[in-house]
Amino acid sequence: MVPESIPHIDEAVSASPAVELSSGTPNTNEAPVAVEPQQTFADFDVRSDIVDALAAKGIIHPFPIQSMTLPIALRGRDIIGQAKTGTGKTLGFGIPLLQAAIAPGEDNPDDRPIGKPQALIVLPTRELAVQVAEDLIAASAKRPVRILTVYGGRAYEPQIEALERGVEVVVGTPGRLIDLMRQKYLDLSQVRTAVLDEADEMLDLGFLEDIEKLLQAVPTTRQTMLFSATMPGPIMALARRFMNRPTHIRAQDPDDGARTKADIKQVVYRAHQLDKIEVMARILQARGRGLTIIFMRTKRQADRVAGDLADRGFAAAPLHGDLGQGAREQALRAFRNGKIDVLVATDVAARGIDVTDVTHVVNWNCPDDDKTYLHRTGRTGRAGKKGTAVTFVDWEDLARWGLIARQLGLDSAEAVETYSTSDHLFAELDIPTEAKGTLPKNKRTRDGLEAETLEDLGGPDGGRGGRDSGRGGRDGGRGGRDSGRESGRGGREGGRGGRDSGRGGRDSGRDGREGGRGERSSAPREDRAPREDRAPREDRAPREERAPRENRAPREQSADGASDRPRRTRSRTRRVNGDVVSDSGASSSNDSSSNNGSSNGSASESAASSNASSRGSGLRSEKTSEGSGEDRTRRRRSRGGRGRSRGGEGQQTQNSGSDA
């Protein structure tokens, strides 16, 4: 059992709040010395059940960062751990926090409250949270330690129920952790160990406020550990605000001065934007290629390139933040299981994702900085395996790439001009000379993304085009299962093309409940249900509170005085010298025309009425002003102007003859 308070010890490692340790290899120039046997986890006083659980997974010997971290972390000291990607940082903090946790049924000499979280691990991405939780579950397989993964995109209820039952370790992303903490479901008052994985990203400006909120809810007497492959100076100084005399551990081979891993072959090509997809199709046919990750700058690029590769016969799928959580986990799960071998992703997959047999990593664009390059290329060459990193640099990014290459200490910063037919492309990456822009059908052996099950996680962001997804309405969607005839872009149940919608009718509307932008119902108005029997709208006042129908504006009356069926109110109009005026306006404003005889006037009126009915929407009526009992008309020029159609010319001729 690890004591809670560690007395100060006079060791070299604790002589300074921050010291750097390095893992090295024997110098070959010196006299040969006896090779010490490899250490195991049991040599670091790790619990036997944790050692057995790791051995069952084939993990027996610790990596340098683990062997350097465990002696200090098991004493409860604060640690800043820094090592290259793929060197086992997860178990460097996972084993100490698991050993310090007390599970139900285990000895509890200090009478700690069991059921409240004792360890908190905060990570920047959902995929990384799932991966770290799986590693911790594997390490604690022989103990009853309860580990809960908390992140957005999933339903709240299962996570709340797990917290109410009790957990010992919580692994999650900042957003959902803060939500559950505000709702009083997550109690961090008993946390003894707090871990920030990918700490430089977590302490960046986007996460700093969330991290401060979480650490303020954690007791001040705690063990804090920060781990990352990159730790800039300003981030290091900021991290010390949350720590107590931290020990900085940097695991690095003294003979390897480069910041990149020696196990990764790095090639840089200056490729044309329109030829990249052809170059990529040939790289994916290289001999010995396994799983491949292509990193994109934008989400739209990821969708487009994944679709282009799928059309060329490759088993590819996109992974980015616009996808629902179910679709994101489906793509990553299919990639791990080998159903797809090309993952086109944004930087959401650049941090900490550990997938075995990733042989190639491709940067479709020049990375933004050296940190991004290190984390992206670190997805290959993990755990001592070999890998290849290919970077495409555009002409406008040559200066940026030169700066990145100097910061990384690369041997050469030159980006070779490369096309899909270049000989050095085939030679450097071991691509068969007969490889073309499409994958031969006899080599299309992957099952594809559709072979992987898409889980319904019940979260608020069910996915793009998902079952209940919508662009504007609660039950409407843009391509979802429940979208279409009865779903809408803006209305709750009305839609674009809705069943009872109309474009300009009195009961239709773009945002209305029953209206939309679509075709009018073919059923006659008399056959529809009476308005009293329809469901009342929630945003409209009850019928008894509205004005009586007799007090509303009267409808147009027929010739015999009976009320006609409902129609749009439109007065008769006619054309006078190219202008469209109402009948009443014509009689009051053109006395000379009316004095020339009733026969010519009636003929002119009937011709105007005929033209008005044929033109339809080309004529517009003027409303009379309310309050004055008289008609007040306004002359309005027609849309087409004078002489738009034959009917207009004939009407003009008739009018001129009448005026004469």
Side-chain angles (χ1 to χ4, degrees), residues 1-6 41-42 44-57 59 62 66 69-79 81 88-123 129-151 159 161-172 177 180-181 185-197 214-215 217-227 243-244:
M1 188 59 57
V2 179
E4 294 183 20
S5 60
I6 306 300
F41 286 103
F44 297 95
D45 296 331
V46 179
R47 292 177 56 123
S48 59
D49 46 16
I50 297 179
V51 174
D52 296 340
L54 293 176
K57 293 290 184 179
I59 304 174
Q66 298 168 357
T69 301
L70 288 177
I72 305 172
L74 289 174
R75 297 192 181 103
R77 301 288 300 274
D78 289 0
I79 288 177
K89 293 186 291 295
T90 301
L91 290 181
F93 62 79
I95 292 177
L97 69 86
L98 287 176
Q99 183 145 331
I102 299 177
E106 296 182 347
D107 295 337
N108 187 8
D110 300 325
D111 294 331
R112 296 184 188 177
I114 304 300
K116 293 185 178 181
Q118 304 173 33
L120 174 66
I121 304 175
V122 188
L123 307 108
V130 174
Q131 176 180 296
V132 169
E134 291 175 353
D135 293 341
L136 296 181
I137 292 173
S140 60
K142 298 184 180 298
R143 295 182 60 196
V145 177
R146 295 166 294 184
I147 301 173
L148 175 63
T149 309
V150 174
Y151 55 91
Q159 299 174 1
E161 293 174 359
L163 290 172
E164 291 176 347
R165 289 193 301 267
V167 296
E168 280 70 53
V169 180
V170 175
V171 183
L177 288 172
L180 293 175
M181 188 176 65
Y185 292 113
L186 180 61
D187 184 5
L188 302 178
S189 61
Q190 301 299 322
V191 170
R192 302 298 182 94
T193 306
V195 178
L196 302 182
D197 196 10
L214 290 171
L215 293 183
V218 176
T220 55
T221 305
R222 65 176 185 267
Q223 180 185 17
T224 307
M225 292 185 284
L226 278 66
F227 281 81
M243 310 183 77
N244 180 25

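Residues Leu163 and Leu186 form a side-chain contact, since some pair of their non-hydrogen atoms from C-beta on lies under 4.5 Å apart. Proximity of Ile79 to Phe227: side-chain heavy atoms (C-beta onward) are separated by under 4.5 Å at one or more points. For the pair Gln118 and Ile102, the minimum side-chain heavy-atom distance is below 4.5 Å. Lys142 has its side chain out of reach of Ser48: every pair of non-hydrogen atoms, C-beta onward, lies at least 4.5 Å apart.
Between Ile121 atom CD1 and Leu196 atom CG the span is 10.5 Å, to the nearest 0.5 Å. The CG atom of Leu97 sits 14.0 Å away from atom CZ of Arg192, with the distance rounded to the nearest 0.5 Å. Note that CD of Glu106 is 11.0 Å distant from CZ of Arg112, once rounded to the nearest 0.5 Å. Once rounded to the nearest 0.5 Å, the distance linking CZ of Phe93 with OG1 of Thr193 reads 11.5 Å. Annotation: the span from Ile95 atom CD1 to Phe41 atom CZ amounts to 4.5 Å, rounded to 0.5 Å. The CD atom of Gln131 sits 11.5 Å away from the OG1 atom of Thr149 when rounded to the nearest 0.5 Å.
The number of heavy-atom neighbours closer than 6.0 Å to CG of Asp52, taken from other residues, nucleotides and ligands shown, is above 12.
Closest heavy-atom contact between Pro117 and Asp187: CD-O, 3.3 Å. A pairwise comparison of heavy atoms in Arg143 and Leu98 identifies NH1-O, 2.6 Å as the closest pair. Scanning all heavy atoms of the two residues, the minimum distance from Leu226 to Met243 falls at CD1-SD, 3.6 Å. Across all their heavy atoms, Gly94 and Leu136 have their closest contact at CA-CD2, 3.6 Å. Across all non-hydrogen atoms, the minimal contact from Gln159 to Val150 is OE1-CG1, 3.7 Å. In terms of heavy atoms, Ala138 sits closest to Ala53 at O-CB, 3.5 Å.
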**OP:** Show your reasoning for whether side chain to side chain contact (heavy atoms under 4.5 Å, CB included) applies to Leu120 and Leu177.
**Re:** CA-CA 10 Å; Leu120 174 66; Leu177 288 172; 4.1 Å; yes
**OP:** Any chance you could lay out the side chain to side chain contact (heavy atoms under 4.5 Å, CB included) test for Leu215 and Arg222, step after step, and finish with the verdict?
**Re:** CA-CA 10 Å; Leu215 293 183; Arg222 65 176 185 267; 4.2 Å; yes
Original post:
Would Val130 and Tyr151 count as a side chain to side chain contact (heavy atoms under 4.5 Å, CB included) if you check the C-alpha gap in whole Å, the side-chain angles of each, and the deciding distance to 0.1 Å?
Top reply: CA-CA 9 Å; Val130 174; Tyr151 55 91; 3.6 Å; yes
Subject >> Full working for side chain to side chain contact (heavy atoms under 4.5 Å, CB included) between Ile114 and Glu168 >> reply: CA-CA 8 Å; Ile114 304 300; Glu168 280 70 53; 4.0 Å; yes
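Exactly one residue among Val145, Ile147, Val132 makes a side-chain contact (heavy atoms from CB on, under 4.5 Å) with Ile137. That residue is Ile147.
Asp197 places no side-chain N or O within 3.5 Å of a backbone atom of Leu123 that could act as its donor or acceptor partner. Looking only at distances, a side-chain donor or acceptor of Gln66 sits under 3.5 Å from a matching main-chain atom of Gly88. Without hydrogens or angle criteria, Gln99 side chain to Arg47 main chain gives a donor-acceptor distance under 3.5 Å.
With sequence neighbours excluded, the residues forming a side chain to side chain contact (heavy atoms under 4.5 Å, CB included) with Ala217 are Met181, Leu188, listed by chain and number. Here Glu134 pairs with nothing under the salt bridge (charged side-chain N to carboxylate O under 4.0 Å, His left out) rule; sequence neighbours left out.
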